[in-house]
Every structure is written in C-alpha cells, then in structure tokens.
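What follows is a single structure, written as structure tokens, with notes after it.
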2 protein chains.
Amino acid sequence: MVSSRSFVVSKQPSLPYPCKRPLIIKTSTQFLVTARFLVNFQELRHRMKVSFKIDKYPAEIKGYRRFNLLGSQEKDLEYTQCDGLAVEFKHLTLKEQRAGGGGKGSKGVNEGSRSVQEELHIITLMTQFSYDGVELNIEATTLPFVVISNQSQFVRAWASILWFNLLSTDPKDVAFFSKPPAAKWILVADVLSWQFSCCTGRGLNADQLQMLGKKLCGTDILSFFNSIYNDAGIFHIVLFLLKLSKVYFALKKLGVFFLFQGSVPNQDSTVTWSKFAKESMPRVSFTFWEWFDAILTLVKAHLENIWKDGYVMGFVSRSAEDALLRTRQQGTFLLRFSESMRDGGITISWVDHESDGSFVRSVEPFTKKELSNIPLYEIIRNYQLLAEENIPENPLKFLYPNIPKDDAFGKYYEHNSEVNSEYQKYMKRRLIMVSERNNDETQSSIASGTPQYISDTLSNDNDIFSPVHGEYCHDAADLGNFINRK
Amino acid sequence: MVSSRSFVVSKQPSLPYPCKRPLIIKTSTQFLVTARFLVNFQELRHRMKVSFKIDKYPAEIKGYRRFNLLGSQEKDLEYTQCDGLAVEFKHLTLKEQRAGGGGKGSKGVNEGSRSVQEELHIITLMTQFSYDGVELNIEATTLPFVVISNQSQFVRAWASILWFNLLSTDPKDVAFFSKPPAAKWILVADVLSWQFSCCTGRGLNADQLQMLGKKLCGTDILSFFNSIYNDAGIFHIVLFLLKLSKVYFALKKLGVFFLFQGSVPNQDSTVTWSKFAKESMPRVSFTFWEWFDAILTLVKAHLENIWKDGYVMGFVSRSAEDALLRTRQQGTFLLRFSESMRDGGITISWVDHESDGSFVRSVEPFTKKELSNIPLYEIIRNYQLLAEENIPENPLKFLYPNIPKDDAFGKYYEHNSEVNSEYQKYMKRRLIMVSERNNDETQSSIASGTPQYISDTLSNDNDIFSPVHGEYCHDAADLGNFINRK
DNA sequence: ACAGTTTCCCGTAAATGC
DNA sequence: TGCATTTACGGGAAACTG
C-alpha cells in the first residue's frame, strides 16, 4: 500500500517564466520543486525529512555537464489542507561543476557529447517512511529537464522538452536524444497549434498548418543521406567526402538539395528531430522551431488581440498570398509572417490593380522593434504612400477577403482625446509609417509580376491550395495535461 | 626619501563605465584599482607584496554600511616599462555585510545615517618596504568613493563625487557629507559645462549657463528655513510643526516658497548641496542634477552630432524662447530641453504668424524612446502638420536665427538608396512624426498667446534676457585633471 | 502607504575555448 | 575562423523593510 509510487513530484522544476514552460532551469537562477506523499497518515507530519540530489551518474560516463544543486538541504513533509502531506523546495539553484582550467566558454566537448539543449537531467527527492515497524526508503524523481546558462538558450531548450514529452516512452530516459525518434506530422501539427492556443488563446487552422507542414515534412537529398548515414555505415565515407568536396557546395548553391522538399504532408508524413529543431532551413541560418517560436513570441507580445480575432492569416506562402489577393478588389490586404527573419516579422501585402496589370506589394516586415512603438493596427490605419505634391494615400482598404479595415480594427484604435494634463501645453504628436510611392523602380518591379516567385515555387509551392478561414482552435492546456493526453 | 608618499593609487577604483566616471562602485560588480611605488629600486621587484582593506572603522561608529572586499588577496609589485613598479588588482568586488535578519531592502537606518549616495568609503593598499636595513610599513589610499547596489543609483552617486572633489579640503574626509559646504555658482557652472564638454565635446555657453544658474541660485523660503535649521536649533520645532501643518502644504501649493527663486546668478551667488542634488525642484519630483544628467545622457546618446554643431540651444526658458522666436520669420524654430521631464526630453518650437496674431508652438517633447527610432534631424526633416484633404505641411523651415534647416542638418540625412539586398522584395518604409493641425482647440489655444506663461513668469523669469549664441567651449578633461586644477 | 534600497533576472554583448 | 557556451552587467521591476 505504501510503495515507492506514493511519493511523487507534484510541481516539476520550473523557472517563474511566463507562458507555462516548465522543465527548463537556468544556472544561478532560483527555481522550485514540490513533491507530495500520497499516503496521508496525519501522524507522519514533521516526522519525514526530505532531501534531494541531482543526476549522480557514475564517474565513467563522459560528455555530460555536472551540476551542484544548492539550497536548504533538508525539509520536513508538511500538511496542508489542499495538498495533504507535501514538501516545497524553494530557492534552489544549479551551479556547474567545472573541470579545473575551465573559465567561460564551451563545455568539455568529449566524444559523443551533445549540445546543451539535448542534455537531460533529473532531480531525485528522497525520504524515509517509518511506521508501525515498516521501514522504507522512497524516492520521487522529476521529469528530465534541460539546464541552460543564458535565456537565449530557452527557445531551443523548450523544443527539446516538447519533443521528449511528445515521444518518449520512458519518463526517466535521459539518453533520449542519443537517438531521437521522428514524430508523425499530425502529432507535430497538434503541438504547434497547441503552443499558439495556450499562449494566445487561438490555435492554428488547417491552412496555416499545411503551410507549416510543407516546411517540416519535405525530404531533401541532405536529409536522405543523413538518414542513411544513421542506419548504415557504408555511406559514411561517401557522404563525408561529398560534404567536403566543392561539388557539395555547388549542388547546395543550385538548390538541388531542396528539390524533394515542400510536399503537402499527409497521414504518413513524419518530422525528424533534426528538421524540427536542429538543422537550419533552406537559405536561412535558423531552425524551424526558432523561427516558429519567434513568431509565437511576436504574436503574444504585439498582436494578441488581432490574432485572437482571426485577422492574422500569418502562415501563408508568398505564392499562395499572390493567388489569394490578385482576384480581389483594389486595396485588399492581408497579414503574413516573414519566412526569412529570424526574430519574427510580419508584413502587410495588398493588391494594386493598375492600367498595366495587377500587382501584389508588400512592405518591409515589422518586428518587435517597430511594433513596440506602434501597434500593427495603427500602422494599418495610418499607412501612407507618399508622392510628390499629392495628397498621401493609404493603400490598405479591405482586410482579406473583404472586411473594411475599420470594421476589423476600429475597436482598437487609440483615441487621442486623452490629453495628458502634463503635456497640454504641447501639440500632441504621433508616429506614422510611410513608403515612397515610386521612389525606386527596382523595388517596384521586384514586388510586382511573377519573376520573384520562381525560387519560391521551386522550393515551396508545387501546388496551389486555396486557404479558407476555418476554425482550428485548440483548448488551452498546460504541459501536464498535454503529456497526459498521450 | 622613501616615505609613505612614495606609494600612491594610480588608478582610482572604477567600473568599466563609459564617459569616465570613476569612484563609483556597484556591489557584486568587478572593478579595478592600481597603485605605483614611486621609488624604483629594480631590486625590489617581486619582493614587495601588496594587500588591501576597506574602511575598517571602529565598531562603535553606526550608520555606515560595512562591506567585504573580495578578490585575490595579495599581489607582488611588478615592474613594467611604462609604469615602473606597480600593482594592479583586477576582479575586485564588494559585498555588503548585512546584519542578521536583513534580506533585501533598506539599510539599517540608524540615527544620523545618510543616504547611500552620501556615504563615502576608502580602500587602503598596504605593503612593506625593506631595504638596506630600513623597514617601513607604507599605505596608499584611494579617494573616497560611493558604493551603489543598482545602476539606477549611479546618477546620484556621481553628483556626490563631483561635489566632493569640487569642494573637499581633505581628500580622506569620509564625513564630508555630514555638513556639505555650498559652492560658488561660478565653480558649479564650470562643472556643468565641463560635464558636457567631456561627454560630447562641446560645453555650455553663457546663456545656457545663466538659465541653469537661475534654477540653482534662488533662495526660497523652505531653503531659508532649512539653513537656519542647520545653524541653530531654535527653529527646529517651529519648522517641524510648520511642515506638519496644513498651512505648510497650502503655502506650498500656492507657490509662496518659490517667490524668492529665480534671480540671475552673480559673482557672489552660491549653490547648496541640497539644491544641487538633494531636494526636488519646484513642481517636479526630481532634483536639478537628475534632470541635468538625464539631458546630458540624452544628448550623448541621440543628439551628439547636432549638439557639437551648436544647433541645440537646449537650455532656454519658455519665455525667453517666446521672445526670441516672435520677431523671426515664419517657420523659424529652435530646440529646447523639457524642464518638466525627469528622463530628459527635447522639443521643437516654431513661430507661426497668422492673421490673428503670432503663435509659438511646441511639439510634445521627444525622449530616448522616440529618438532611438528616428534621429531628431529626421523628425525635423519630415515633420508634418496634417489637415483633412490638404497636402501636409512641414512648419519647420529655419533654425534660429535663420539657417535653412537643410543647411544645418542636410549632411546627416539618411539616404534611402542603400537598398538592403535581403529586403529588395519589399517596399522600404520609414517612420515619420506628425501632428494634427487643428484637432483640438484646447491645445492650440494653450500653445498660443500669453496666458500659459503666467506661472512661468512668476517663478522663473523676472527679467527678460537676450541670449546670444556665444562660444563657451571647455577643453575636455577627465576627473583627474579636473581635480588637479583646484 | 510609502520611499529608499537591494535583489532578481532578462536580454545583449563580450569572453572563452574548442 | 567560426561556433557553442558561459559570464558580465545595464536596466526594469519586484521584493523587502523600516
């Protein structure tokens, strides 16, 4: 009846970070772990002392960083109304044990060591049960977590936590990332949408997911070789030489590696860990997850209201966007996330029917830098195309498919009637975003017509699909719930 | 020949902070001290060990925080070509010794303890000279420094360091701020100008200094009482009761305390420490020094080029500005620092001659927030007054007195020809600053005519002076040089 | 309630070592 | 040389304490 399963971790180690992302710990930063003893003998109160340890694998295992877990070493199990017998370790911190000479910089890169984000650690809480002649040493272990030393590693660490909890069959398997399994696309799609719904209250619809799926499910020649490399040693040398050779780079430059990529995902499609969070995407220097999470962060910080309203199409390819807008009336626009910016960007694209043809134009994407000064709806409201000696014109009239922009965004507009008494003596001023109408022929020609889509088509858009504003809105759930669904 | 004066601190303790502001140390942050032994017997190399201590006043003295000075405890004097025999302590840090229970928060506020910024500390370096039968214990002490725990205290700490080095007659007098002396206005003016010249390369001219002097040299009733309070105990109770009474606040509200303030400083004017950096200025909640330093920082960060050119009049009162602009041609403008913003602000004021009179208008001041997005010269270049269905107009034509704005600022204008290849596919965009021409009658009427100057006139401008763009450009000098000039 | 002070910690930049 | 990682610390905000 009283078994080792009676003692469990009830709050996984967690930084006090927004948006519920447990199981990532930063060195020298306080975190918290709680455990509960599920057998509730009132008599045990203050009788059971709990201590803790971290990792403690044998000395011969190399390639892991070792940490000291600092904090008040022992605490009593305490009884509370809502939790029963429980213990809470606050103000715990982790400090790396560094080998002799090591100052800052790289961890001891031994054979087989993996990157920080793929290193999993476990804390064990220990106590003794002693009652009615029965003596028992019992332990509770946390789920594996990732230890980072800088906030900049947080994003990649969260990818690991997601992947582990999505796919691991053994909750104590700290070697999970020595051979991380691939995931079915539908599972990954679920996670991606869930990330949006739990951060912003609105998930991703089928069209948005399809666009993402194309980025993740393609097979390029490089991945093909890599998968062979993992399975059979015979291609090892071949690939190695190929990689070193100029041929490899020449092929890469030509885009040959991406020919296979970009097919619409189906029921059987899978996503590799590498494609999800390890390797850079074609022609950019960041991973899918880094890009995706940057957008999630941008939406959360600056676009939450209009995202919730469903006014941000966001995940649309350029060519799909072009197809959508061309048939629409003058001044129809939509909002699309940049695919080439690491830190998250969003652009406005609109259709302009002129005597010499229809053009889809996009403004240079806005990032958190711009959006922290003007909300996107104010940019849209006041955007102007300037031309010499003409009244400036706002080209943005209807949000796709045909919603007058003030109907969509009017409720958020700032009223400058709120005259701050401190500054009454001054004229109110505000920032607006403008572009020159025809300042540079190069730009216009690139932004119009079709030539610029050639490369996109080659890599991303072998078919044209027709997005519909469907609803695919996940219930918000924390990681615990998400894990339990499995 | 070898005396205790042979061993001196050659680099005062200093954070690696920009703009040369030594003698401020932040707890838990590394700093550096070096000392030199001026007697150069080659034979002493590696023979003299240097150690250090901090403060070490007797236990009965209360009201000071106590610190531990951490770092490698002993170092040899080393010989180098350029410094001779010297020792350098790097990676020193300070940690407060906190009395038992103290977590964060206030220091032990004992009787007579002063604020952190007025607490001075000293580090002593100690060594033994032993040569040819002579034995001598010798010490070198740093100048008194201020210990802060957060960067936000830096500004106030620097005021202390300036005041001490301006006025102290004893370089080891850590009790200096128990009765800080007043300074002659001309000395203070010198410091203020020097602060600008050493940070930006251009000091303050006579008109700018006069405007500042009026803020510092006035005597209001409150200061009058305070000075009596310091000298004779007899007014203690009277003032205390007065301060508590509603009468005090009623008087304060009515501005009675400020009636005496704002006279033009002369040769005999003095500035008290309190007026300089302790008490808030009339009708705002920050001190003169906080205000002044915020502007200095703003200039350094965002206005350095146009400041160096002498295009920022800056320190002008509203009424002086009005007098200057009214007689000028339509569209004449000048740049003036806000007197009411704690964090530093700069406004543009221009004259507008209309059929119903001449108006001087000012735009809501720009702060580092705005200026880090658009440089001021770009705001000036593209500023627009919007009016329905009209071509927007830029009211800024001539920098006072009559320099066409493009002549003044043209060399800094950004050329948007630099088309970033990454974003060729997008339309370039930029921010511009706009105001509504007649959006709110209240604002316009307040910004025009004379009524709004009544309160200013009462407090700040009993006379009208006529600024001239003189040159008052200090040589840049670091604190060491400045101290030595005394 | 408040103000002075310290602690906490993100995010950027620099340092470090492979 | 570049990359992965850690350290350093400014600046905003929270926590703490009389």
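Below, chains carry the letters A, B, ... as their sequence lines are ordered, and counting in each starts from 1.
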Write down the distance between [atom1] ([X]) and [atom2] ([N]), rounded to a whole number of angstrom.
| X | N | atom1 | atom2 | value |
| --- | --- | --- | --- | --- |
| L32(B) | dA8(D) | CG | P | 15 Å |
| Q117(A) | dA4(D) | CD | P | 10 Å |
| I25(B) | dT5(C) | CD1 | C1' | 18 Å |
| I24(A) | dC9(C) | CD1 | C1' | 16 Å |
| E279(B) | dG4(C) | CD | C1' | 18 Å |
| F154(A) | dC9(C) | CZ | C1' | 13 Å |
| K300(B) | dG10(D) | NZ | C1' | 17 Å |
| E96(B) | dT5(C) | CD | P | 11 Å |

For the CZ atom of R156(A) and the OG1 atom of T287(A), what is their distance to the nearest 0.5 Å? 8.0 Å
Can you name the residues that form a side-chain hydrogen bond (donor to acceptor under 3.5 Å, both in side chains) with Q153(B), not counting sequence neighbours? S149(B)
Residue list, side-chain hydrogen bond (donor to acceptor under 3.5 Å, both in side chains) with K368(B), at least two apart or on another chain: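 For K368(B), no residue satisfies side-chain hydrogen bond (donor to acceptor under 3.5 Å, both in side chains) once neighbours in sequence are set aside.
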So, under a plain 3.5 Å distance rule, would you say the side chain of N150(A) forms a donor-acceptor pair with the base of dT12(C)?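 Answer is yes: a donor-acceptor pair is held.
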Selection from dT12(C), dT5(D), dA8(D) that lies nearest to any side-chain heavy atom of S115(A): dT5(D)
Please state whether the phosphate of [N], meaning OP1 or OP2, lies under 4.0 angstrom from any side-chain nitrogen or oxygen of [X].
| X | N | value |
| --- | --- | --- |
| K26(B) | dG10(D) | yes |
| Q151(A) | dT12(C) | no |
| R65(A) | dT5(D) | no |

Report which part of the nucleic acid S149(A) touches: base, sugar-phosphate, or nothing (heavy-atom distance under 4.0 Å, all strands).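 Base contact.
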So what does Q153(B) touch, heavy atoms closer than 4.0 Å: a base, only the sugar-phosphate, or nothing?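 Base contact.
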Does A294(B) offer a backbone N or O that forms a donor-acceptor pair with the side chain of R342(B) under 3.5 Å? no
Are F177(B) and W163(B), when compared by the centres of their aromatic rings, separated by less than 6.0 Å? no
Comparing S28(A) and K368(A) on DNA chain C - which has the more 5′ nearest nucleotide: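 The residue mapped nearer the 5' terminus is S28(A).
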